[in-house]
Protein chains: 2
Amino acid sequence: MSSWQSEAEFLEHYDSRHYSGPLISVDVAIFTLHEAQLKVLLVQRGEFPCKGRWALPGGFINMGSDADLHATARRKLKDKTGVDAPLLEQVCSLGNDARDPRGWSVTVLYMALIPWAPAAEFMESVTDARWWPVQWIDELAMAFDHAALIEAARDRLKNKTAYTVLPVHVLKRPFTLTQLQNAFELLMDTQLEKKSFRRRILNAKILEEAGEAPPEGGRGRPAALYVPARGSEKHLFARVFGDTA
Amino acid sequence: MSSWQSEAEFLEHYDSRHYSGPLISVDVAIFTLHEAQLKVLLVQRGEFPCKGRWALPGGFINMGSDADLHATARRKLKDKTGVDAPLLEQVCSLGNDARDPRGWSVTVLYMALIPWAPAAEFMESVTDARWWPVQWIDELAMAFDHAALIEAARDRLKNKTAYTVLPVHVLKRPFTLTQLQNAFELLMDTQLEKKSFRRRILNAKILEEAGEAPPEGGRGRPAALYVPARGSEKHLFARVFGDTA
DNA sequence: ATTAATTAGTGGCTATAGGCCAATAATAGA
DNA sequence: TCTATTATTGGCCTATAGCCACTAATTAAT
């Protein structure tokens with residue numbers, strides 16, 4: 001087994017097909033906001049295993065075309081939504097011998113945030129993709145351990161919202177501070193105090209003014225519009241928000 | 001391909017050996033504190049590829065004995081150190097077609113923190129394991145992309161130290177507040193203000209008193225000793241520490 | 001003994017940022 | 001003009017970190 005004299009010689013005789021490891025896949029939890037609810041995009045599986053059940057968009061790595069894991073995740077996202085460069089980040093990996101009936105398998109879980117668009121209009125090819133409110137996941141027949149994956153992504157979302165401006169990614173631009181606060185509240189699943197919220201966001205100088213618009217609901221004082229400033233995605237607050245909750 | 005009528009029938013005909021995906025491995029960055037330096041445990045590879053180079057302890061999943069990814073990581077850690085239940089957590093996964101000359105490969109990276117012990121005494125079988133100061137990694141001939149993996153784990157360590165009590169895991173118990181502060185400073189790579197540090201830690205009530213001991217260096221006032229209270233590992237500070245740096 | 005050196009621990013002030021909640025501003029519709 | 005509705009601000013309180021000098025307890029040298 002270790003008779004090779006050089007790495008070149010070793011590689012010449014190495015055949016990756018002799019190796020049989022766990023199945024490995026990449027799944028993406030794509031979140032958005034719609035009708036005052038946090039929703040996740042699910043597809044109904046057309047093949048065994050778990051045929052007919054709801055699953056996160058995902059699948060195997062294409063070793064020919066995917067340069068790295070992130071590229072695989074981006075491809076899965078684009079296949080289902082057409083969206084190309086949204087917020088997309090790795091959450092964690094989960095692997096054991098029970099999550100897939102085919103045997104030991106590992107999934108690398110990503111999460112993505114995009115402004116809402118009708119699932120139907122995304123692609124002709126995907127008629128089975130649908131936005132589901134995250135609260136309803138328990139009621140659905142979910143494939144594999146995807147309910148747990150959504151939970152993991154949901155937790156990450158909640159945590160990061162407390163010290164970043166992650167929620168800007170689920171809003172169409174420009175947006176009002178009220179809309180942004182609603183986004184924060186839905187992603188954190190808690191109420192925030194208006195003055196504190198506005199002070200925090202505005203003092204951080206991570207938004208740029210972008211005109212004015214009628215208020216939510218049509219009635220009332222017009223609201224200032226904002227777009228995220230460059231680099232705002234990387235802003236980290238030194239304190240978490242909504243501490244007393 | 002999709003002619004099966006039931007999941008049972010599908011699985012009966014499914015042969016995982018037909019599937020050939022990326023190589024998948026688990027690597028563990030094991031950190032400790034010694035001689036006022038943050039050190040990481042590396043082993044010198046005895047086989048191709050990267051024979052002779054320094055690598056993180058790690059390797060393939062044993063699908064027979066490893067129940068899940070965490071178990072694989074724990075096994076790698078125990079093989080090299082004998083330590084069984086330390087702080088061990090997943091950092092991220094990294095996969096592309098360039099990091100291993102054998103082809104597309106994915107690694108799931110974990111990090112572990114343990115109190116220092118001589119690498120030599122860990123195991124008879126492992127004569128090639130050695131603690132290296134993290135600052136020296138650049139000088140070493142590292143295997144694969146393990147320098148980048150250490151960097152990723154190091155970043156996570158630095159970030160989490162700012163809002164948790166992670167550093168307690170690199171200290172033998174009991175410890176003094178001065179020792180704990182030194183651990184924080186080395187993991188964060190920054191100086192902390194003594195009063196602020198002590199106030200923060202003591203107010204959080206995450207330590208229990210455990211007697212008294214001579215000060216560091218033998219001279220000076222004796223120091224109070226502490227051990228972590230139950231549940232302290234889960235304590236999250238609402239503000240990061242060392243903000244002004 | 002006294003004193004200097006060394007390490008541990010505290011007092012007390014300032015500044016920042018969030019919680020709270022009531023007041024003011026700007027609009028639409030009756 | 002008046003009311004409802006949404007947006008935005010004022011002002012005070014509190015919690016916690018930064019700062020830095022001071023006190024406390026011990027060892028080693030004189």
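Letters A, B, ... mirror the listed sequences (proteins, then strands); counts begin at 1.
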Once you apply a heavy-atom cut-off of 4.0 Å, does A:Thr176 come out as touching a base, just sugar-phosphate, or nothing? nothing

Within residues 191-205 of chain A: residues closer than 4.0 Å to DNA chain C (heavy atoms): A:Glu193, A:Lys195, A:Ser196, A:Arg199, A:Arg200

Considering only C:dT27, C:dG9, C:dA8, which nucleotide approaches the side chain of B:Leu177 most closely? C:dG9

Tell me which of B:Phe237 and B:Pro222 sits closer to the 5' end of DNA chain D, going by the nucleotide each one is nearest to. B:Phe237

So which protein N/O to nucleotides 27-29 of chain D N/O distances come out below 3.5 Å?
none

Counting the benzene-type ring for Trp, do A:Phe31 and A:His169 have ring centres under 6.0 Å apart? no

Spatial distance of atom OG1 (A:Thr107) from atom CG (A:Asp27) [nearest 0.5 Å]: 3.5 Å

A:Gln179 has an atom CD; how far is it from atom P of D:dT8, in whole Å? 11 Å

Geometric class of the A:His146/A:Phe144 ring pair [parallel <30°, tilted 30-60°, perpendicular >60°]: tilted

B:Leu225 atom CG is separated from C:dT7 atom C1', nearest whole Å, by 14 Å

What is the distance, rounded to the nearest whole Å, between atom CZ of B:Phe241 and atom P of D:dC19? 11 Å

How do B:Thr178 and B:Arg239 order along DNA chain C: which one's closest nucleotide is nearer the 5' end? B:Thr178

Heavy-atom distance under 4.5 Å between the side chains of A:Leu41 and A:Ile114, does that happen here? no

Expressed as a whole number of angstroms, how long is the span from B:Glu212:CD to C:dA8:C1'? 10 Å

Working note: A:Leu42 + A:Met142, criterion side-chain contact (heavy atoms from CB on, under 4.5 Å); need CA distance, chi angles, decisive distance, verdict. CA-CA 9 Å; A:Leu42 300 180; A:Met142 294 293 298; 3.9 Å; yes

Which part of the nucleic acid does A:Ala238 contact within heavy-atom distance under 4.0 Å: base, sugar-phosphate only, or nothing? nothing

Rounded off to whole Å, could you give me the CD-to-P distance for the B:Gln181 and C:dG9 pair? 11 Å

In a table with atom names and distances, give each donor-acceptor pair under 3.5 Å that connects a side chain of residues 171-187 of chain B to protein atoms at least two apart or in another chain.
from     : atom 1 : to       : atom 2 : distance (Å)
B:Lys172 : NZ     : B:Trp116 : O      : 2.9
B:Thr176 : OG1    : B:Thr178 : N      : 3.4
B:Thr176 : OG1    : B:Gln179 : N      : 3.0
B:Gln179 : OE1    : B:Thr176 : N      : 2.9
B:Gln179 : NE2    : B:Glu216 : OE2    : 3.0
B:Gln181 : NE2    : B:Glu185 : OE2    : 3.2
B:Gln181 : NE2    : B:Leu192 : O      : 3.0
B:Asn182 : ND2    : B:Thr178 : O      : 3.4
B:Glu185 : OE2    : B:Leu192 : N      : 2.9

Test side-chain contact (heavy atoms from CB on, under 4.5 Å) applied to A:Val40 and A:Ile30, A:Leu56, A:Thr32, A:Val28, the passing residue: A:Leu56

If you measure from CD on B:Glu89 to SG on A:Cys92, what distance do you get to the nearest 0.5 Å? 12.0 Å

Could you walk me through whether B:Tyr226 and B:Glu209 pass side-chain contact (heavy atoms from CB on, under 4.5 Å), step by step? CA-CA 5 Å; B:Tyr226 297 90; B:Glu209 298 185 35; 3.7 Å; yes

